[in-house]
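As structure tokens, the structure follows; a few thoughts come after it.
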Amino acid sequence: MTRKIQGFDVGGSSVKAGLVDVDGGQLIGELISASTPRPATPAGVMQVIAGLSRRLPEAGEGAGVAFPSVVKRGIVRTAANIDQSWLGADGAALVASALGRRAEFLNDADAAGIAEMRWGAGRGEQGTVAMLTFGTGIGTALFIEGRLLPNTELGHLHLHGMDAEKWASAHVKTALNLDWPAWIARVNDYLELLHGFLWPDLFILGGAVSADFKEFAPLLRSEAEIRPAHFTVQSGVIGAALAAAEASPS
Ligand code: BGC
């Protein structure tokens with residue numbers, strides 16, 4: 001019997017959700033979404049998650065939530081692109097009480113990376129793999145021999161005198177109305193910075209922009225191999241559910 005777990009991905013502009021077949025590494029049915037509340041307080045986000053959960057088909061045990069901050073044992077420790085009232089909040093406990101089921105609560109890029117490493121662009125990859133998600137900020141997930149080093153936060157490395165995510169996120173592309181060459185020049189600066197520190201074997205580029213990979217791939221420059229995320233905007237939802245399944249295998 002396939003195990004079905006609800007996954008959620010809290011982003012700067014929308015919260016996405018889906019029912020995930022965690023034994024097949026894929027969504028069952030549609031990815032659904034709702035606007036991120038403003039301000040995105042814990043109570044507001046929980047209301048949105050509960051509403052999305054009711055719209056999804058019945059699931060088995062557990063739920064997984066991908067969240068845009070450092071998360072240690074379910075507790076939110078930073079708030080770069082989310083309301084400050086999240087600092088110190090027990091995300092896992094809040095979701096468990098909103099949904100009435102055990103919840104796994106983890107960093108969004110870590111979740112996306114788990115999906116890509118188990119079932120997507122990084123499947124079977126050994127060596128050092130860096131998953132990068134381009135959205136409101138830049139999320140990073142680092143895998144060594146398939147094992148995650150959680151909460152790496154390399155989107156906050158300094159580049160051209162600012163946080164790298166303020167230089168090269170997808171949000172910056174939209175806000176400054178950059179075309180592909182102008183934006184990819186910034187991404188290349190960032191890849192070079194990361195490469196100097198990590199010497200990865202593979203970069204996986206995620207976020208909504210990964211759907212347009214063919215358009216900008218010829219402009220990318222790095223000594224490491226570069227692949228687009230297989231699950232594009234679904235990675236966080238699928239990875240969150242996989243993390244919930246891995247936390248309680250049955
Ligand atoms: C946060 C990270 C998050 C990334 C992508 C950054 O601003 O600090 O925790 O993974 O945005 O959402």
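Starting from 1, each residue takes its place in the sequence as its number.
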### Query
Within a reach of under 6.0 Å around CZ of R55, are more than 12 heavy atoms found that belong to other residues, nucleotides or ligands?
yes
### Heavy-atom closest pair, residues A109 and N107
N-OD1, 3.0 Å
### Query
Would you call R118 and E246 a salt bridge, taking side-chain N to carboxylate O under 4.0 Å as the test?
yes
#### Entry: Check: T36 side chain, G11 main-chain N or O, donor-acceptor pair, under 3.5 Å
yes
### Message
I'd like to know if the side chain of D201 and the backbone of Q126 have a donor-acceptor N/O pair within less than 3.5 Å.
### Response
no
#### Entry: Connected-component partners of M46 among ILVMFWY, side-chain separation under 4.5 Å
F8, V10, V15, I32, V45, V48, I49, L52, L56, V65, F67, V71, V76, I82, W86, L94, V95, L99, F105
### Message
Under a 3.5 Å distance rule, please check whether T78 uses its side chain to pair with a backbone N or O of A80 as donor and acceptor.
### Response
no
### Task
Could you tell me which non-hydrogen atom of A79 sits nearest to which non-hydrogen atom of Q84, and how far apart they are?
O-NE2, 2.9 Å
### Task
Check whether any side-chain N or O of D163 sits under 3.5 Å from a backbone N or O of E165 as a donor-acceptor pair, and report yes or no.
no
### Query
Hey, does the side chain of Q6 reach the backbone of S53 with a donor-acceptor pair shorter than 3.5 angstrom?
yes
## Note on the structure
Nearest heavy-atom approach of V172 to W167 is CG1-O, 3.6 Å
### Query
Taking the inter-plane angle between the rings of W199 and H195 on a 0 to 90° scale, is it parallel (under 30°), tilted (30 to 60°) or perpendicular (over 60°)?
tilted
Please report, to 0.1 Å, the donor-acceptor pairs under 3.5 Å made by any side chain of residues 128-144, with sequence neighbours excluded.
| residue | atom | partner | partner atom | Å |
| --- | --- | --- | --- | --- |
| T133 | OG1 | G139 | N | 3.3 |
| T140 | OG1 | T152 | OG1 | 2.9 |
| T140 | OG1 | E153 | N | 3.4 |
| T140 | OG1 | L154 | N | 2.9 |

### Task
Report yes or no: does K173 contribute a side-chain atom to a donor-acceptor pair with the main-chain N or O of L178 at less than 3.5 Å?
yes
### Hydrophobic cluster membership, W119 vs L31, 4.5 Å side-chain cutoff
yes
### Task
Taking all heavy atoms of G206 and all of A229, pick out the closest pair and write down the distance.
CA-CB, 3.7 Å
### Query
Counting distance only, does the side-chain N/O of Q26 pair as donor-acceptor with the main-chain N or O of D21 below 3.5 Å?
no
### Query
Where is the tightest heavy-atom contact between F203 and S222, given as atom of each residue plus distance?
CE1-OG, 3.4 Å
#### Entry: Side-chain donor or acceptor of S169 paired with backbone N/O of K166 under 3.5 Å
no
### Query
Does any N or O in the side chain of D9 come within less than 3.5 Å of the main-chain N or O of A112, such that one atom is a donor and the other an acceptor?
no
### Query
Is R77 atom CZ crowded by more than 12 heavy atoms from other residues, nucleotides or ligands, each under 6.0 Å away?
no
### Task
Could you pull out the closest heavy-atom pair between G64 and I5, with the gap in Å?
N-CG2, 4.4 Å
### Donor-acceptor pair, side chain of E225 and main chain of L202, under 3.5 angstrom
no
